[in-house]
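So the structure is just underneath, and the comments pick up after that.
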Amino acid sequence: MTVLQSCDSPSKKKLPENFDYYAFKDSIKAEKLDTSGPGFETNIFENTLLTPDIDSANALLTRIDSAWHREMAMVEQVDSLRKIWKKMETHTPEELLLLKENTQILDSFLTSKKAPEGIPCSEAGCLIYAHIVKSTQTLYLYLDAVLIDSFAVSTGIGKYDTPTFNVRAAGPTFKRYTSKKFPGGNYEGLGNMPYVVFIKGGYAVHGTTTGNFEKLGTKASHGCVRLHPMNAKIFYELVSLIGLSNTWISITES
């Protein structure tokens with residue numbers, strides 16, 4: 001008797017077709033900051049609702065899930081009333097279906113308790129691999145295993161020394177964030193930790209404020225990895241494009 005085992009492994013995630021990091025970087029640098037639009041008003045993602053070193057990302061997702069359910073219920077109720085009043089549809093069937101699909105996707109994520117499907121990556125095997133070397137105070141950025149860029153950083157000083165890490169970035173990510181533990185300072189309306197990508201717990205890679213620019217390249221932080229906001233924005237947008245599940249961060253002494 002011959003036993004054959006069939007394996008149907010999903011393929012490794014690839015970079016977007018025709019992706020050019022340098023064109024991407026230039027476009028990020030060329031963007032003008034506008035804090036008046038969507039995403040900069042007070043909303044569910046504000047730092048008062050989540051403390052990453054205390055709360056889990058699941059707590060934030062649960063809040064989003066509840067908000068979506070409320071919004072969908074309200075939309076359906078308002079639609080029903082408007083149909084009675086105006087005898088016309090205010091939302092197309094496609095729009096209502098999209099709302100329901102979004103809610104179902106989040107529901108399934110919260111209840112599955114399973115890792116996303118795909119081949120797990122690690123270190124330089126991930127599409128984004130950020131290696132922070134404390135002895136040189138430099139972040140080396142690898143894209144699909146190729147060293148593509150490097151940025152000066154500030155890691156922790158004294159009793160706030162940044163611990164070593166070798167992990168997939170846990171998130172969450174925020175465009176605007178202000179530390180509760182070390183408040184103060186602001187960068188163009190984005191708080192004192194703009195473009196933040198949390199590594200694990202309360203430790204993150206993030207931009208810093210103007211007064212700390214001259215310290216980049218030396219140890220100066222309270223434990224996080226500080227970047228110039230423009231470099232932090234490039235890293236943040238890259239992670240947003242490719243995903244936390246394909247982002248690995250290593251912090252080593254040398």
Side-chain angles (χ1 to χ4, degrees), residues 10-35 37-40 43-45 47 50 52 57 60-61 64 98 101-102 105-106 109 115-132 138-153 165-177 187-191 193-200 203-208 224-251:
S11 58
K12 177 183 175 182
K13 182 172 180 179
K14 297 180 180 179
L15 287 167
E17 190 174 355
N18 300 322
F19 178 80
D20 182 344
Y21 171 76
Y22 296 104
F24 169 84
K25 181 178 178 179
D26 289 343
S27 68
I28 295 300
K29 286 185 173 182
E31 288 179 2
K32 293 184 179 180
L33 181 65
D34 179 10
T35 60
F40 291 94
N43 58 51
I44 198 167
F45 294 100
N47 61 290
L50 180 71
L60 178 64
L61 290 171
I64 300 171
L98 182 60
E101 286 178 350
N102 285 340
I105 289 170
L106 188 54
F109 178 83
E117 289 187 3
I119 300 174
C121 68
S122 63
E123 298 182 338
C126 290
L127 287 180
I128 301 174
Y129 174 51
H131 183 197
I132 295 100
T138 305
L139 184 154
Y140 297 96
L141 180 62
Y142 293 79
L143 198 58
D144 205 8
V146 176
L147 179 61
I148 201 77
D149 215 336
S150 62
F151 307 129
V153 303
F165 282 111
N166 193 37
V167 296
R168 183 177 288 103
T173 65
F174 295 97
K175 185 173 292 185
R176 174 175 66 182
Y177 196 89
Y187 177 76
E188 298 189 7
L190 298 179
M193 292 170 59
Y195 306 110
V196 56
V197 177
F198 280 94
I199 305 168
K200 184 178 180 181
Y203 293 97
V205 175
H206 64 80
T208 191
C224 287
V225 179
R226 293 177 182 170
L227 289 168
H228 187 284
M230 184 53 67
N231 294 334
K233 182 179 181 182
I234 292 167
F235 184 66
Y236 166 88
E237 295 291 356
L238 193 60
V239 172
S240 299
L241 175 68
I242 295 176
L244 284 166
S245 61
N246 289 282
T247 302
W248 193 276
I249 298 177
S250 294
I251 301 178

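Every value quoted in this text rests on a predicted model; they were computed, and no experiment measured them. Just so it is clear, the values below take in all heavy atoms, side chains as well, and ignore hydrogens, waters and symmetry mates.
Nearest heavy atoms, Leu15 versus Ile242: CD2-CD1, 3.5 Å. The two residues Ser122 and Arg168 have their closest heavy-atom pair at N-NH2, 4.5 Å. When all heavy atoms are compared, the tightest approach of Gly207 to Ala232 is N-CB, 3.3 Å. Of all non-hydrogen atoms in Tyr187 and Pro229, the two that sit nearest each other are CE2-CB, 3.4 Å. The two residues Phe198 and Met193 make their nearest non-hydrogen contact at CZ-CE, 4.3 Å. Across every non-hydrogen atom of Gly191 and Pro194, the tightest pair is O-CD, 3.8 Å.
In this view, Thr208 and Asn212 satisfy the side chain to side chain donor-acceptor pair (under 3.5 Å) rule, not counting sequence neighbours. Under the side chain to side chain donor-acceptor pair (under 3.5 Å) criterion, Tyr129 pairs with Ser250, sequence neighbours left out. For His228, the ring-ring contact (aromatic ring centres under 6.0 Å, His included) partners at least two apart in sequence or on another chain are Phe213. In this structure Glu17 satisfies the salt bridge (charged side-chain N to carboxylate O under 4.0 Å, His left out) test with no other residue, sequence neighbours excluded.
Between the CG atom in Asn166 and the CD atom in Glu123 there is a gap of 4.5 Å [rounded to 0.5 Å]. Atoms CD1 and OH, on Ile251 and Tyr203 in that order, are 9.5 Å from each other to the nearest 0.5 Å. We find the OH-CG distance between Tyr236 and Leu241 to be 12.0 Å, quoted to the nearest 0.5 Å.
Between Asn246 and Ile128 the shortest side-chain heavy-atom distance does not fall below 4.5 Å. When side chains are defined from C-beta on, Phe165 does not count as touching Ile132, because their heavy atoms never get closer than 4.5 Å.
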Under 3.5 Å, sequence neighbours excluded: what are the donor-acceptor pairs made by side chains of residues 139-148?
none

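Among residues at least two apart or in separate chains, salt bridge (Lys or Arg N to Asp or Glu O under 4.0 Å) pairs with a member in residues 228-244 are Glu31-Lys233.
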Test log, rule side chain to side chain contact (heavy atoms under 4.5 Å, CB included), inputs Tyr195 and His206 = CA-CA 6 Å; Tyr195 306 110; His206 64 80; over 6 Å; no
Evaluate the criterion side chain to side chain contact (heavy atoms under 4.5 Å, CB included) for residue pair Val205 and Ile249; output intermediate values, then yes/no.
-> CA-CA 9 Å; Val205 175; Ile249 298 177; 4.2 Å; yes
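Each of Asp149, Asp20, Asn231 was scored for a side chain to side chain donor-acceptor pair (under 3.5 Å) with Lys25, with one residue passing: Asp149.
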